[in-house]
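Ligands are counted one by one from 1 in listed order, and the atoms in each one are counted from 1 as well.
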Amino acid sequence: MDSLLRVEHVTISYNGKPVVQDVSFELKQGEILGIVGESGSGKSTVIKAIMGLLGEEGLVTEGDIWYKGENLTSMSEKKLRGYLGKEIGMVFQDCKAALCPVRTIGAQIHEAVSEHEKISRQETWKRAGEIMKKIGLDDSERVLNSYPFELSGGMNQRVGICTAMIMHPNLLLADEPTSALDVTVQKQVVEELLLMRKEYHTAMILVTHNIGVVKMMADRILVLQNGVVRDYGETDAVLNHSEDPYTKKLMSSVLHLKRD
Ligand SMILES: Nc1ncnc2c1ncn2[C@@H]1O[C@H](COP(=O)(O)OP(=O)(O)OP(=O)(O)O)[C@@H](O)[C@H]1O
Ligand SMILES: [Mg+2]
């Protein structure tokens with residue numbers, strides 16, 4: 001099967017200074033890739049580069065990012081915008097910051113959905129409510145009527161997950177989607193994401209510090225350190241049989257934390 005997404009020898013710089021170097025990986029439809037690595041290793045930068053959301057300072061200086069055979073790095077902004085939200089969904093690391101502070105959650109979700117399809121407000125709310133219930137936001141009416149500042153961090157995070165899921169994207173880029181959630185809710189979110197993959201054959205890139213979540217979800221793992229790929233392979237191989245000293249240390253430090 002052909003790749004859905006192929007990242008080839010990509011180097012990314014902010015203000016001319018490279019922070020991610022020579023990163024390559026690929027993702028087929030329905031596959032989940034976990035990206036792990038210490039804080040500042042470039043995980044979010046890789047995700048943002050795919051979406052063309054590096055901002056003024058950021059640039060892919062070398063390499064290509066292929067999505068369904070089209071090069072995202074040279075795609076017009078208009079065409080890329082058409083993909084974002086619909087074909088390619090994103091859960092931001094800081095979901096609250098990604099939401100507009102002065103508009104209700106319901107209005108924002110409805111706007112996101114109606115950008116890509118003709119849909120009534122009631123239908124959006126119904127669909128959003130169904131997803132919210134599955135990820136532990138039981139009082140979806142209140143959530144939809146709230147402003148982001150009226151919700152907790154974990155609630156905003158689930159709003160971000162709901163907004164991304166409601167479109168049934170082909171590819172979901174999720175940056176720390178469960179970091180602000182307690183264990184029970186984390187489990188619900190993981191189960192819902194896996195169900196979405198099963199039903200819609202969604203491909204996902206999952207950035208997380210939580211090795212347990214990666215273990216449960218990912219088919220393959222990419223390990224980044226200081227913007228350089230330390231390891232890339234099948235989940236079990238990277239988790240349990242890596243030869244790379246950094247990967248081994250990263251995995252064992254997590255195990256120690258768990259034991260403590
Ligand atoms: N807009 C920006 N301008 C300049 N430098 C940036 C910008 N965004 C990120 N960086 C730098 O790029 C490097 C990688 O950052 P990135 O956010 O990708 O790390 P990360 O792996 O996602 O970290 P974390 O686990 O803390 O989220 C860091 O050194 C960071 O300071
Ligand atoms: Mg990050």
Side-chain angles (χ1 to χ4, degrees), residues 5 7-25 27 32-63 65 72-73 77 80 84 88-99 153-154 156-161 163-164 171-181 186 189-190 193 204-215 217-218 220-232 238-239 242 244 246-258:
L5 180 78
V7 171
E8 282 180 351
H9 303 291
V10 159
T11 292
I12 308 161
S13 300
Y14 289 111
N15 301 312
K17 187 174 160 282
V19 294
V20 165
Q21 290 180 67
D22 196 19
V23 168
S24 300
F25 59 84
L27 199 62
I32 300 179
L33 173 75
I35 302 185
V36 298
E38 64 202 25
S39 184
S41 57
K43 305 180 297 296
S44 298
T45 299
V46 169
I47 296 266
K48 286 181 192 162
I50 297 168
M51 306 281 290
L53 296 176
L54 288 168
E56 295 268 293
E57 317 84 48
L59 190 69
V60 174
T61 55
E62 278 172 61
I65 301 174
L72 295 181
T73 60
E77 186 151 343
L80 192 57
L84 302 189
I88 308 178
M90 170 124 192
V91 178
F92 291 89
Q93 184 164 14
D94 184 352
C95 287
K96 191 172 165 193
L99 288 162
N156 276 308
Q157 193 168 37
R158 279 173 286 173
V159 165
I161 293 166
T163 311
L171 170 65
L172 179 70
L173 309 174
D175 198 347
E176 298 281 1
T178 63
S179 60
L181 307 175
Q186 253 182 35
V189 169
V190 166
L193 290 173
M204 297 182 206
I205 298 181
L206 180 75
V207 168
T208 180
H209 283 100
N210 189 327
I211 303 293
V213 169
V214 172
K215 195 175 166 184
M217 292 188 67
R220 264 172 296 126
I221 301 182
L222 180 91
V223 181
L224 277 181
Q225 185 197 24
N226 294 330
V228 176
V229 176
R230 292 304 301 246
D231 226 319
Y232 173 53
V238 174
L239 273 178
S242 176
D244 180 76
Y246 178 76
T247 302
K248 279 173 146 169
K249 206 171 133 221
L250 191 74
M251 301 305 161
S252 73
S253 64
V254 173
L255 293 179
H256 276 296
L257 266 176
K258 244 184 166 171

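Ser44 OG to Leu53 CG: the interatomic distance, rounded to the nearest 0.5 Å, is 11.5 Å.
Using modelled atom types, one finds a donor on one side chain and an acceptor on the other under 3.5 Å when comparing Glu38 with Tyr246. In the model, Asn210 has a side-chain atom that pairs as donor or acceptor with a side-chain atom of Gln186 under 3.5 Å. Under the 3.5 Å distance criterion, with hydrogens and angles disregarded, a donor-acceptor pair is assigned to the side chains of Asp231 and Ser242.
Contact atoms of ligand 1 toward Ser41: 19 (O), 21 (O) (distance under 4.0 Å to a heavy atom of the residue). For ligand 1, the atoms lying closer than 4.0 Å to a non-hydrogen atom of His209 are 25 (O).
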- [ ] Could you walk me through whether Tyr232 and Ser24 pass the side chain to side chain donor-acceptor pair (under 3.5 Å) test, one step at a time?
- [x] CA-CA 9 Å; Tyr232 173 53; Ser24 300; over 6 Å; no
Quick one, Glu62 with His9, criterion side chain to side chain donor-acceptor pair (under 3.5 Å). Give me CA distance, side-chain angles, the key distance, then yes/no.
CA-CA 7 Å; Glu62 278 172 61; His9 303 291; over 6 Å; no
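A heavy-atom separation below 4.0 Å is not found between Gly37 and ligand 1.
When heavy-atom distances to ligand 1 are checked against a 4.0 Å cut-off, Lys48 has no atom that comes that close, whether in backbone or side chain.
Annotation: atom 10 (N) of ligand 1 to nearest protein heavy atom, Tyr14 CE1, 3.3 Å. The single protein non-hydrogen atom nearest to atom 18 (O) of ligand 1 is Thr45 OG1, 2.5 Å, given as residue, atom name and distance. Of all protein heavy atoms, the one lying nearest to atom 26 (O) of ligand 1 is Ser39 OG, 2.5 Å. The protein non-hydrogen atom at the shortest distance from atom 17 (O) of ligand 1 is Ser44 CB, 3.8 Å. The single protein non-hydrogen atom nearest to atom 27 (O) of ligand 1 is Gln93 NE2, 2.8 Å, given as residue, atom name and distance. Remark: minimum distance from atom 1 (N) of ligand 1 to any protein heavy atom is reached at Glu57 OE1, 2.9 Å. For atom 23 (O) of ligand 1, the closest non-hydrogen atom of the protein is Gly40 N, 2.8 Å. The protein non-hydrogen atom at the shortest distance from atom 25 (O) of ligand 1 is Lys43 NZ, 2.7 Å.
At a distance under 4.0 Å, no protein heavy atom can be found next to atom 31 (O) of ligand 1. For atom 7 (C) of ligand 1, a protein non-hydrogen atom is found at a distance below 4.0 Å.
Around the Mg ion (ligand 2), the protein atoms of type N, O or S found under 2.8 Å away are Ser44 OG, Gln93 OE1, listed by chain and number.
The salt bridge (Lys or Arg N to Asp or Glu O under 4.0 Å) test applied to Glu77 returns Arg81, not counting sequence neighbours.
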